[in-house]
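Remember, it's 1-based here, ligands and their atoms both numbered in the order they're listed.
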Amino acid sequence: MGKIKKTKNPKTAQNTQALPFNTDRGQHILKNPGVVNAIVEKSALKASDTVFEVGPGTGNLTVKMLEAAKKVVACEIDPRMISELKKRVLGTPSQNKLEVRSGDVMKMEWPYFDVCVANLPYQISSPFVFKLLLQRPLPRYAVLMFQKEFADRLIAKPGDKDYCRLSVNVQLLAKVDHLMKVKRTEFRPPPKVDSAVVRIAPKNPPPPINFQEWEGLLRLCFLRKNKKLISIFKQTNVANLIEENYRKVCSLKNKVIFLKLN
Ligand SMILES: C[S@@+](CC[C@H](N)C(=O)[O-])C[C@H]1O[C@@H](n2cnc3c(N)ncnc32)[C@H](O)[C@@H]1O
């Protein structure tokens, strides 16, 4: 884990003073420029990259990414934040590299992008990750800040206490790596929990499965804890479905047969 530098003169925190934040919209703004810099550094952006940022807020991450990338498309739900962000880049060399989209990221059509970087509003974490992984064309990767507990579930391995359907599904479609922890005190206002930054790199090409069918099978598998797959299938009444799904499991045996159900 990289060490986060603390700065006495938190320039990127300036814009966090003025606005009353709406925590129902997950408005917890990063106030430590050391954390902002570490996230941008770990995003390893190329000068040719188009970055999709969700929830730029007052633009703490945005202005740094604009220095590193070809373009940032920033999607923000709160018009007050959009106006702060626009003010912040107005007249700077980055102004023409920023495109702002106003609205709910879960309801809009996404732009083309190479990399997604976001300090996400935590309430959309799970649907956002699946929308990202089912997006075409696939991005190279995403660097995302989540509530720490959610990040723990994303990276959990079989046998870990946090291993769950989310871990299996996301790791089926992507390689997931933990990048850094971020304490709640690094935000204004501080959330109730700590956070973690995770890198999600979609497998490209994606595994050749129908994701909805797969998800149905997985629900079945996680119905009963600490049971072997075969005993779960035997105990279930939908024999035909199970037989069919069991064949699918066998065909994906390296991915699923060693699942520890917990
Ligand atoms: C955790 S703050 C991150 C702010 C800034 N990027 C930072 O790191 O300091 C989340 C931001 O997402 C915005 N937001 C919340 N829900 C959203 C949604 N559904 N679509 C787009 N933006 C959203 C909030 O208004 C807020 O600006």
Steps toward side-chain hydrogen bond (donor to acceptor under 3.5 Å, both in side chains) verdict (Asn22, Gln27): CA-CA 5 Å; Asn22 181 347; Gln27 287 176 354; 5.3 Å; no
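- The Asn60 neighbourhood of ligand 1 comprises atoms 9 (O), with distances under 4.0 Å to a heavy atom of that residue.
- Protein heavy atom nearest atom 5 (C) of ligand 1, with residue, atom name and distance: Pro56 O, 3.3 Å.
- The residues Asp49 and Arg140 are annotated as salt-bridged, a charged nitrogen and a carboxylate oxygen being separated by less than 4.0 angstrom.
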Scan the side chains in residues 119-127 for donor-acceptor partners under 3.5 Å anywhere in the protein, sequence neighbours excluded, and list what turns up.
residue: Tyr122; atom: OH; partner: Ser195; partner atom: OG; Å: 2.2
residue: Gln123; atom: NE2; partner: Asp24; partner atom: O; Å: 2.6
residue: Ser125; atom: OG; partner: Tyr122; partner atom: O; Å: 2.8

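- Between Lys87 and Glu84 there is a salt bridge, since at least one side-chain N of the basic residue sits less than 4.0 Å from a carboxylate O of the acidic one.
- Within a 6.0 Å radius of CD in Gln95, more than 12 heavy atoms belonging to other residues, nucleotides or ligands are found.
- The closest approach between a heavy atom of Gly103 and any atom of ligand 1 is below 4.0 Å.
- Nearest to atom 20 (N) of ligand 1 among the protein's heavy atoms is Val105 N, 3.0 Å.
- At a 4.0 Å cut-off, not a single heavy atom of Gln123 sits close enough to ligand 1 to count as contact.
- Only side-chain heavy atoms of Glu53 come within less than 4.0 Å of ligand 1; its backbone N, CA, C and O stay farther off.
- The shortest heavy-atom distance from Gln27 to ligand 1 is under 4.0 Å.
- Judged purely by distance below 3.5 Å, without hydrogens or angles, the side chains of Arg188 and Asn32 never pair a donor atom with an acceptor atom.
- Taking the side chain to side chain contact (heavy atoms under 4.5 Å, CB included) definition, one finds that Gln135 meets it with Trp110, Phe113, sequence neighbours left out.
- Geometrically, ligand 1 and Asp104 share a nitrogen or oxygen pair separated by less than 3.5 Å.
- Ligand 1 places these atoms under 4.0 Å from at least one heavy atom of Gly26: 1 (C), 2 (S), 10 (C).
- Between Leu61 and ligand 1, no N or O atom pair is found at a separation short of 3.5 Å.
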